[in-house]
Amino acid sequence: MAMTRLDDIDEDNIFHSTDVSQQDSTVIQRHGMAQWYLYLDSADTATSKRDMVRIPCEIHVAHFNHEQRGENSDGDEALVRSLCSCRRVPFHRYSWSEMSNDDSSDSTNSSTFSQDVARKWRRTRLMELLSSLVTDPYNNSAGDSSQRWGAILTAHHRDDAEETILLKLLRGSYLTNLSGMEDRSDGFQLNTPKKSQLGYFAKPLLGIRKAEIVDYLTAQGLEWREDESNSQDKYKRNKVRNQLIPLLSELAGGEDALQKRLRHLEQQSRDLSHYLAPRAEEYLASMSTVSMFLLPDDSHTLTIVQQEALHLWIARATEQQLILSYEQMQRIRNQIEFFPTRLQWILDVGDCWNVRRNGKALAVSRAVDGNGKEQSSLEACLIPWKILPSESETGTNNDQSEIACVHTLHFGKLPHEPNISNLVIKRAKDVSNMVFIPPWRKGRSAVKIREFLRGQKVPLHRRDDSFVLCYSDDSLIHALAVYLENIGRWVVHSDFSHEEGALIKIVLGKKIE
């Protein structure tokens, strides 16, 4: 993995000009160290001129010892450590046993080895390492540290990409998601004080076949090690590599013919994705909320653009934990089209995920939590309101950089002595049995909050996610005010509304979305 800090060069253009995963060892490249240089071959497609971009950088190597192959695993580590020592490259070592004993690790709560858990562990540790190296102030001569950025380079080659395509076909992946691997990921936010600092995952060997790499190493007399488990059919990827690809090559008329077919399939998937993606993004941008997916008002069917938008939205709402297959998408689409009058339902799409319809909106949620209760959508869990100190009304509070607007609510009394620690903002679905009396119904019977929202013409799909300001003590929780999103104002419960005499102010700030 190589970590690079660049001061005057556009990282997006750099990665587009080169075809940038060894699974255990990764290079981290960070710009700012004069002994090492990254050379990138940049081609101008308009003039056919080629330029070599020379970038000073610092290279680190991270090695992950999964400790699953005994002495062979240790031998891999020893070789990488030796090579780094000879070339004076900083070496970072991570072991599976240390990960398993690390209580702070969010990769897994079990020491049981799995490919998926190991992949998440490597990714987490690499991003942490890159963040720490980018913020390292050791080299003051390299310029402003806030301008540094880095890349995690992995050694995936073209054979790996073709295996990925076939695995996606076996999983029934969505058509726009059939491509193998991207040579560069989107930038991810580094854990640094500067929010503008980005890191990247890149694959500089993605256009090269494994046989070409082996030929080069042999010609140069360089030592390398093979993971003997790659020849065993324990994992599905190994079976695809060792059994399926040789068979398909034979049926297709040779390796070159199969590779050509896969390359064409990948290109068609990318072309379709590039066509649909901006149109899907436009549809998502037109929605009034990001916490739910809003269905079209004038149709009971989803166009292919709307299906792509739903596919993207679910991936983002679940933080990439749920990437819909075509079968899953088809089940959601059929539920909408075949039952257009059913405005409320829950559909189990598999993998412990539910898609829930409420009116014109769809939400995605974990099927159950540890207590057997349905979890709310990850995006929907975000509460955009914040309870502020009372001085915020006059602008004396300095911590308002993320506040878009301020609402001041006036109360005549509260259930007990006001204390900001007893105030909490909840969603209506979490306090569905609570009752409320608006000021204009004072003296009349209370109604449930959902009924109040319905009477105020709040759309059905927005009622569950409406906001309620609550006061909580040891025994009871009281609804103090309800926010009406359709008119943009808070309504105070009549039992606590302001009358002549005592006046209590509670200041609420709405965060920038």
Take atom CG of Leu169 as the centre, draw a 6.0 Å sphere, and report whether it contains more than 12 heavy atoms from other residues, nucleotides or ligands.
yes
Okay, side chain of Ser269, backbone of Leu178: is any donor-acceptor separation there less than 3.5 Å?
yes
Residue pair Phe64, Trp121: steps toward the ring pair (Phe, Tyr, Trp, His ring centres under 6.0 Å) verdict
CA-CA 10 Å; Phe64 294 85; Trp121 167 55; 5.2 Å; yes
For Arg123 and Glu128: C-alpha separation, side-chain torsions, deciding distance, then whether salt bridge (charged side-chain N to carboxylate O under 4.0 Å, His left out) applies.
CA-CA 9 Å; Arg123 185 180 180 88; Glu128 291 173 351; over 6 Å; no
Do His311 and Arg316 meet the criterion of a side-chain donor-acceptor pair at a distance under 3.5 Å?
no
Ser179 vs Glu266, side-chain hydrogen bond (donor to acceptor under 3.5 Å, both in side chains): CA-CA, chis, key distance, verdict
CA-CA 5 Å; Ser179 56; Glu266 180 177 38; 5.1 Å; no
Return yes if a side-chain donor-acceptor contact under 3.5 Å exists between His63 and His92, otherwise no.
no
Relative to the ring of His407, is the ring of Tyr483 parallel (under 30°), tilted (30 to 60°) or perpendicular (over 60°)?
perpendicular
Compute whether any side-chain donor of one residue and acceptor of the other, for Ser466 and Glu485, lie under 3.5 angstrom apart.
no
Do side-chain atoms of His478 reach the backbone of Leu480 as a donor and acceptor pair under 3.5 angstrom?
no
Inter-residue atom distance Lys236.NZ - Leu170.CG, 0.5 Å rounding
6.5 Å
Check for a donor-acceptor pair, side chain of Lys168 on one end and backbone N or O of Asn177 on the other, with a separation under 3.5 Å.
yes
With the side chain counted from C-beta on, respond yes when Phe436 and Val491 share a heavy-atom pair under 4.5 Å apart, and no when they do not.
yes
Would you check if the side chain of Arg331 reaches a backbone N or O of Asp348 as a donor-acceptor pair within less than 3.5 Å?
yes
Are the side chains of Leu347 and Asn354 in contact, using a 4.5 Å heavy-atom criterion?
no
Does the side chain of Thr301 come under 3.5 Å of the side chain of Arg333 through a donor N or O and an acceptor N or O?
no
May I ask you to check whether over 12 heavy atoms, not counting those of Glu282, lie within 6.0 Å of atom CD?
no
Are any side-chain N or O atoms of Arg450 and backbone N or O atoms of Phe452, one a donor and one an acceptor, separated by less than 3.5 Å?
no
Between the side chains of Asp271 and Gln267, is a donor N or O closer than 3.5 angstrom to an acceptor N or O?
yes
Apply side-chain hydrogen bond (donor to acceptor under 3.5 Å, both in side chains) to residues Thr176 and Arg270 and explain how you reach the verdict.
CA-CA 7 Å; Thr176 54; Arg270 289 189 194 278; over 6 Å; no
